[in-house]
Number of protein chains: 2
Amino acid sequence: MEAQKVLTPSKREQQKEARRNAIINAGYQEFALQGFTATKLDDVAVRAGIGKGTIYLYFDSKETLFQEVIRKNLFPIRDEAQSYAAEFKGTATEHLTSHFRRMYQALHQDRMPELVQLVMGEGLRFPEIADFFFREIISSNQELIQGIIKKGVEDGEFRESFNAEFTQILIAPAMVSALWRLQLEKQSPLDIEAYADAHIEFILRGLKA
Amino acid sequence: MEAQKVLTPSKREQQKEARRNAIINAGYQEFALQGFTATKLDDVAVRAGIGKGTIYLYFDSKETLFQEVIRKNLFPIRDEAQSYAAEFKGTATEHLTSHFRRMYQALHQDRMPELVQLVMGEGLRFPEIADFFFREIISSNQELIQGIIKKGVEDGEFRESFNAEFTQILIAPAMVSALWRLQLEKQSPLDIEAYADAHIEFILRGLKA
DNA sequence: TTATATTGACTGACTGGTCAGTCAGTTTTA
DNA sequence: TAAAACTGACTGACCAGTCAGTCAATATAA
């Protein structure tokens with residue numbers, strides 16, 4: 001009995017973990033759909049199939065929940081990108097190509113475009129979230145890309161003259177593609193496959209030695 | 001007396017025009033600072049030095065005011081860009097360079113970064129504003145750039161193989177620079193001059209024949 | 001010119017609705 | 001049975017939009 005308590009969590013502990021996840025998932029859906037301010041915790045509770053008060057047993061405030069939602073959804077992507085990069089074998093050109101392909105995949109899956117808009121539009125109004133987002137996501141991605149470029153320069157694949165400090169120039173079109181698809185698809189549909197191809201080709205051309 | 005009535009607006013008519021502008025300017029400041037949802041019309045009224053009710057003598061609703069604010073601030077920029085382009089003499093390379101320089105200037109003046117964030121983050125949640133924004137601003141800018149590229153291809157300056165449909169790839173880094181400056185300057189300051197130089201050089205390299 | 005009437009611009013207290021966060025009471029688990 | 005988890009009605013703060021009343025500008029009359 002004692003041992004089991006440690007090995008397999010009790011029914012209560014399982015329940016608690018499940019509740020927590022249910023709330024985060026419901027929050028993800030609602031925040032993505034409505035934006036931070038317009039999201040009602042009542043709706044989050046309904047979607048999670050619980051009472052509103054329960055949310056406050058797991059999170060201090062609406063803002064804390066929001067942070068958890070972002071954390072939970074972005075960390076796995078970041079970690080995968082990092083471990084993928086660490087294990088990659090091939091030329092810098094191949095690596096950069098595959099990194100950006102994976103980035104496009106990540107940016108357009110599930111409700112990721114909504115999350116991008118959320119963070120760019122509202123999240124950054126909360127200094128804590130901007131800080132967190134930069135520290136945990138952006139700078140990690142920047143470092144990955146800078147690493148690839150550095151290797152490319154050393155191997156003579158890429159020119160030296162591009163200031164790798166400005167990785168935003170390389171990444172921005174991918175971010176914008178997510179926002180576009182979300183908001184301007186009706187006015188002017190975007191073929192993401194072709195767009196990503198054109199973008200990656202453009203990057204390689206701009207970096208080639 | 002009769003003649004004067006027509007030539008110079010009466011005191012009342014002058015007042016009305018001034019009020020309208022005061023409200024739009026106050027709205028611009030508040031919306032840029034707080035975002036659409038968080039902006040209180042009470043604050044707009046205080047900033048404009050009028051009573052809250054007066055706003056409703058000039059605008060139907062908060063949303064209408066928001067649209068006017070965007071209109072008033074973006075139309076002049078678009079019109080200037082168009083007439084500048086129409087009169088430009090020089091190579092496509094020169095034209096593209098100067099177009100993007102002017103774009104950076106416009107994007108970083110006054111409260112323009114805030115307006116960019118506003119439109120990207122919240123404005124696009126209102127279909128009407130997304131529609132308006134695409135119709136009046138984005139597509140105009142896209143057409144200008146596509147025109148320059150077309151000329152460049154015809155003159156043998158630019159390669160044919162870049163799909164000029166995807167102007168987003170060219171523009172995105174400039175948009176992102178505005179957002180970055182606004183939100184991530186503290187975490188990682190951005191030298192806009194150098195960034196713009198690197199961006200423009202990157203574009204030309206990517207387009208060169 | 002001066003007095004009076006009319007217009008319409010303006011005001012801000014008020015209303016109706018919304019919603020984050022609370023807590024007394026209920027249900028579930030151990 | 002005790003403890004922990006859960007609930008949803010409730011509260012207090014907030015705010016877009018309204019409207020009855022005020023006041024300044026203009027028109028008309030004396």
Side-chain angles (χ1 to χ4, degrees), chain A residues 1-24 26-27 30-31 33-69 122 125-126 128-129, chain B residues 1-24 26-27 30-31 33-69 122 125-126 128-129:
Chain A
M1 284 297 139
E2 294 294 311
Q4 199 203 14
K5 224 184 231 169
V6 176
L7 290 173
T8 60
S10 70
K11 198 169 177 184
R12 270 199 176 173
E13 281 159 341
Q14 285 178 311
Q15 182 85 318
K16 267 191 116 168
E17 193 53 29
R19 278 268 185 282
R20 205 186 142 77
N21 283 328
I23 296 170
I24 290 179
E30 289 296 323
F31 284 136
L33 242 46
Q34 313 289 341
F36 177 77
T37 318
T39 286
K40 295 169 240 181
L41 289 187
D42 279 302
D43 290 349
V44 174
V46 168
R47 191 183 280 270
I50 58 167
K52 179 159 97 161
T54 308
I55 294 173
Y56 286 89
L57 300 176
Y58 292 87
F59 304 96
D60 286 345
S61 66
K62 190 182 178 184
E63 204 177 322
T64 309
L65 171 59
F66 183 53
Q67 286 190 37
E68 264 336 284
V69 165
E122 296 198 72
R125 201 178 306 283
F126 304 89
E128 250 179 72
I129 290 174
Chain B
M1 287 296 141
E2 294 293 311
Q4 202 205 8
K5 222 185 232 168
V6 176
L7 291 173
T8 61
S10 70
K11 202 169 174 182
R12 273 198 176 167
E13 282 161 338
Q14 284 178 314
Q15 182 84 319
K16 264 190 117 169
E17 193 53 31
R19 276 271 184 281
R20 205 185 143 77
N21 284 328
I23 296 171
I24 290 178
E30 288 296 324
F31 284 135
L33 241 48
Q34 313 290 342
F36 177 76
T37 318
T39 287
K40 296 170 239 180
L41 290 188
D42 279 301
D43 291 348
V44 174
V46 167
R47 190 183 280 270
I50 57 168
K52 178 158 95 161
T54 307
I55 294 173
Y56 287 89
L57 299 176
Y58 291 87
F59 304 96
D60 285 348
S61 66
K62 192 181 178 184
E63 203 178 323
T64 309
L65 171 60
F66 183 52
Q67 286 189 37
E68 266 333 285
V69 165
E122 296 198 73
R125 201 179 305 283
F126 303 89
E128 253 179 69
I129 290 174

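Below, each value reflects all heavy atoms present in this structure, side chains not excepted, and no hydrogens, waters or symmetry copies. Throughout, protein chains are lettered first and strands after them, A, B, ... in sequence-line order, and every chain is numbered starting at 1.
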- Do any N or O atoms from the side chain of Lys52(B) and from the backbone of Val46(B) form a donor-acceptor pair under 3.5 angstrom? no
- Task: Check whether any side-chain N or O of Lys62(A) sits under 3.5 Å from a backbone N or O of Lys40(A) as a donor-acceptor pair, and report yes or no.
- Result: no
- Task: Answer yes when Glu68(A) and Arg20(A) have at least one side-chain N-carboxylate O distance shorter than 4.0 Å, and no when they do not.
- Result: yes
- Item | Point-to-point distance, once rounded to the nearest 0.5 Å, from CG of Leu65(A) to CD1 of Ile23(A) | 7.5 Å
Do [X] and [Y] have side-chain heavy atoms sitting under 4.5 Å apart?
X	Y	answer
Val44(A)	Phe31(A)	no
Ile24(B)	Phe59(B)	yes
Asn21(A)	Lys16(A)	no

- Message: Walk along nucleotides 9-22 of chain D from 5' to 3' and tag each nucleotide B, S or - by protein heavy-atom contact under 4.0 Å, base first, then sugar-phosphate.
- Response: ------SBBB----
Hey, what are the protein-to-nucleotides 2-6 of chain D N/O distances that come in under 3.5 Å?
residue : atom : partner  : partner atom : Å
dA4(D)  : O4'  : Arg12(A) : NH1          : 3.0
dA5(D)  : OP1  : Lys16(A) : NZ           : 3.1
dC6(D)  : OP1  : Arg19(A) : NE           : 2.9
dC6(D)  : OP2  : Tyr58(A) : OH           : 2.7

